[in-house]
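In each ligand, atom 1 is the first atom listed, and ligand 1 is the first ligand listed. Keep in mind the model is a prediction, meaning the values are calculated, not measured.
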Amino acid sequence: MKLSSWGRLSDDNYPATVLSREIGNQQLTPSDNGETSIVYGMGRSYGDVCLNPGGGVYLSNGLDRLCSFDATSGELICEAGVLLKDIQTLFSAKGWMLPVTPGTQYVTVGGAVANDVHGKNHHSHGCFSSHINWIRLARTDREDFVCSPTKEASWFNATTGGLGLTGIIKEVSLNLRRVSSCWLDTETLTYSSLAEFSQISKDSEDDWEYTVSWIDCNSRKHNRGIFIRANHSQSGAESTPTKSRLRVPLVPPLSLVNRMTLTAFNQAYFLSQKQKSGMGKSHYQSYFYPLDGILDWNRMYGPKGFYQYQLVVPYESGMPAIKAILHEIAVSGQGSFLSVLKTFGDAPSPGLLSFPMEGLTLALDFPNRGDITLQLFRRIDAIVAEAGGRLYPAKDARMPAELFTAGYPHLPEFLLYRDPGLSSGFSKRVMGW
Ligand SMILES: Cc1cc2nc3c(=O)[nH]c(=O)nc-3n(C[C@H](O)[C@H](O)[C@H](O)COP(=O)(O)OP(=O)(O)OC[C@H]3O[C@@H](n4cnc5c(N)ncnc54)[C@H](O)[C@@H]3O)c2cc1C
């Protein structure tokens with residue numbers, strides 16, 4: 001089966017096995033030639049955590065059942081291939097939603113656990129794994145078992161954010177939360193420096209559940225951006241937004257994202273958002289998932305695909321590092337289309353390899369221009385390392401092993417929990433197998 005991840009940097013053929021509830025560890029045992037596999041959810045990771053060149057893949061779309069829901073406590077038990085989109089659509093109509101959601105809803109529950117995803121409310125609600133009661137895990141060397149923050153807790157900590165390498169997540173129990181409305185009261189503000197961004201972030205933390213900002217990384221003059229904060233509305237829903245039918249229909253022969261379009265886009269986006277400054281109302285779908293409005297938008301980067309680069313740096317060393325990185329990018333002329341700057345709060349992540357830590361996180365998209373892009377990344381890597389930061393494996397396709405090892409101090413402990421039958425392009429690159 002031909003598969004690629006969201007960055008479309010490669011497109012390989014894999015032997016694929018569809019997972020089901022009934023599949024046991026015997027059927028998961030790796031082939032005689034020692035080839036390993038990795039679970040592929042929706043392939044919404046940008047790089048190679050869900051790919052396995054030279055090996056096989058397990059497809060989680062066979063694990064698609066909602067098993068039970070407790071309308072008093074909000075506990076939802078479901079299989080790992082269920083989409084966040086289906087949970088949001090079904091339960092938001094009843095006043096329940098996911099407590100943490102990433103910027104796309106085309107993600108499986110298993111993928112959300114394995115990357116321990118974060119959302120725009122990290123400062124108030126932590127990571128996805130903070131809301132999980134238990135996980136049913138299947139391994140190639142052991143019968144299915146359940147792990148939780150209190151039972152087999154070390155397996156739980158290795159599996160949340162464990163990049164699919166500790167076993168196959170079959171079933172998950174998670175807590176949904178009650179919300180007053182599917183609509184959000186928003187406030188849009190502009191900022192023209194990182195100091196201003198920092199002040200707005202601080203001022204927003206206590207009173208606003210969701211915060212996010214877009215930053216113009218093409219300008220050498222300013223670090224200007226748009227900050228949007230939001231809370232669930234107290235008033236009930238009005239209408240539901242009409243569904244978008246926009247789609248990038250094909251892969252253009254060349255990337256549509258280049259220096260000229262980037263500058264024009266960033267300028268136009270800044271001005272259009274500036275006009276919207278002030279209070280507003282937004283449906284959760286457009287506030288949480290603005291990019292889902294255009295299906296297959298990743299095709300616009302053309303046949304060579306694109307990289308995403310997401311970093312986090314601690315507060316103390318953070319601002320100078322972010323400033324230096326933005327400068328490197330502006331000077332290189334390889335600016336990013338959609339650059340997101342936000343803060344992570346101090347909620348600890350249970351996952352040994354969870355990405356979030358208290359500090360500043362910046363996510364950037366770059367068209368793949370080959371060596372020139374990789375050279376830029378090496379310069380940014382050095383700034384991240386110097387600042388004591390790390391990169392997000394879910395977004396990565398090229399980080400060197402040393403940067404990963406330096407950024408994830410629990411790696412040696414994590415390695416004790418790896419499943420011998422599972423590996424990915426990412427694990428081979430940064431862990432050796
Ligand atoms: C537009 C966009 C916006 C995004 N915004 C955010 C964001 O705001 N925050 C954030 O944290 N992430 C974000 N992401 C990244 C995305 O949320 C993660 O990469 C997510 O894990 C993808 O889930 P998936 O189902 O597509 O899994 P895949 O990408 O297919 O796989 C991801 C990992 O999960 C493992 N996995 C999947 N299913 C299982 C299973 N059943 N058992 C064991 N392992 C499994 C895979 O092996 C792999 O290691 C965004 C991605 C896109 C495209």
Side-chain angles (χ1 to χ4, degrees), residues 3-8 18-21 23 28 36-52 55-64 78-85 98 100-122 126-129 135-139 158-172 210 212 288-298 306 308 310 312 337-338 340 342 344 349 351 353-356 361 363 365 392-397 419 421-427:
L3 290 174
S4 58
S5 64
W6 196 244
R8 303 187 59 262
V18 177
L19 294 168
S20 71
R21 173 187 287 246
I23 213 162
L28 295 176
T36 57
S37 286
I38 193 74
V39 182
Y40 184 96
M42 285 292 281
R44 252 41 178 202
S45 298
Y46 284 70
D48 51 3
V49 286
C50 58
L51 301 176
N52 188 21
V57 292
Y58 297 117
L59 303 176
S60 67
N61 56 359
L63 295 169
D64 60 354
C78 67
E79 291 181 344
V82 167
L83 293 190
L84 302 192
K85 181 178 193 297
L98 288 161
V100 168
T101 176
T104 172
Q105 53 186 338
Y106 293 101
V107 159
T108 61
V109 168
V113 175
N115 275 323
D116 196 6
V117 297
H118 58 270
K120 297 177 176 66
N121 60 354
H122 185 272
C127 298
F128 197 80
S129 63
I135 294 166
R136 182 175 300 284
L137 198 62
R139 284 181 58 98
T159 300
T160 51
L163 310 174
L165 298 169
T166 64
I168 290 163
I169 301 162
K170 281 185 146 179
E171 205 176 38
V172 179
Y210 302 99
V212 67
F288 293 165
Y289 314 116
L291 292 171
D292 286 353
I294 304 176
L295 300 174
D296 295 326
W297 61 262
N298 56 343
F306 71 111
Q308 175 149 123
Q310 184 168 0
V312 59
F337 215 22
L338 298 155
V340 174
K342 67 168 263 89
F344 282 149
S349 315
L353 297 187
S354 289
F355 165 67
T361 181
D365 288 348
Y392 191 8
K395 309 288 181 77
D396 180 66
D419 185 310
L422 300 173
S423 68
S424 61
F426 180 84
S427 74

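- One option in Ser45, Gly43, Ala80, Gly164 has a heavy atom closer to atom 32 (C) of ligand 1 than any other, and that option is Ser45.
- Residue Ile168 places no N or O, backbone or side chain, under 3.5 Å from any N or O of ligand 1.
- Those atoms of ligand 1 with a heavy atom of Asn115 less than 4.0 angstrom away are 18 (C), 19 (O), 20 (C), 21 (O), 32 (C), 33 (C).
- Ligand 1 has a nitrogen or oxygen under 3.5 angstrom from a nitrogen or oxygen of Ile169.
- The option with the heavy atom closest to atom 27 (O) of ligand 1, from among Gly81, Gly111, Gly162, Cys50, is Gly111.
- Under 4.0 Å from ligand 1, the heavy atoms of Tyr46 that appear belong solely to its side chain.
- Checked by distance only, ligand 1 and Thr108 come closer than 3.5 Å through their nitrogen or oxygen atoms.
- Residue contacts with ligand 1 include Lys395, since one of its heavy atoms falls under 4.0 Å from the ligand.
- At a 4.0 Å heavy-atom cut-off, ligand 1 touches Tyr392 through the side chain alone.
- Of the protein's heavy atoms, Val107 CG1, 3.4 Å lies nearest to atom 23 (O) of ligand 1.
- With distances taken over non-hydrogen atoms, the option nearest atom 34 (O) of ligand 1 out of Gly47, Ala363, Ala114 is Ala114.
- At least one N or O atom of Val39, backbone or side chain, sits closer than 3.5 Å to an N or O atom of ligand 1.
- The aromatic ring centres of Trp297 and Tyr289 sit 6.0 Å or more apart.
- Of the listed options Gly103, Ala394, Gly7, Ala138, Gly103 places a heavy atom closest to atom 8 (O) of ligand 1.
- Among the atoms of Trp6, none of the N or O lies under 3.5 angstrom from an N or O of ligand 1.
- For the pair Asn298/Tyr46, no side-chain contact is recorded, criterion being any heavy-atom separation below 4.5 Å from C-beta on.
- Ring pair Phe288/Tyr210: centre-to-centre distance below 6.0 Å.
- Remark: ligand 1 and Val117 share no N or O pair separated by less than 3.5 Å (distance only, no angle test).
- Using cut-offs of 30° and 60° on the angle between ring planes, the pair Phe344 and His118 is perpendicular.
- Here the side chains of Asn121 and Val100 are in contact, with some heavy-atom distance below 4.5 Å.
- Residue-level proximity to ligand 1 for Trp297 is carried by the side chain, the only part with a heavy atom below 4.0 angstrom.
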**Prompt:** Passes side-chain hydrogen bond (donor to acceptor under 3.5 Å, both in side chains), Asp292 versus Thr104? Steps please.
**Reply:** CA-CA 6 Å; Asp292 286 353; Thr104 172; 2.8 Å; yes
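- Listed here is the closest heavy atom pair of Gly119 and Lys342: O-CE, 3.5 Å.
- At a heavy-atom cutoff of 4.0 Å, ligand 1 is contacted by the side chain of Ile38 but not by its backbone.
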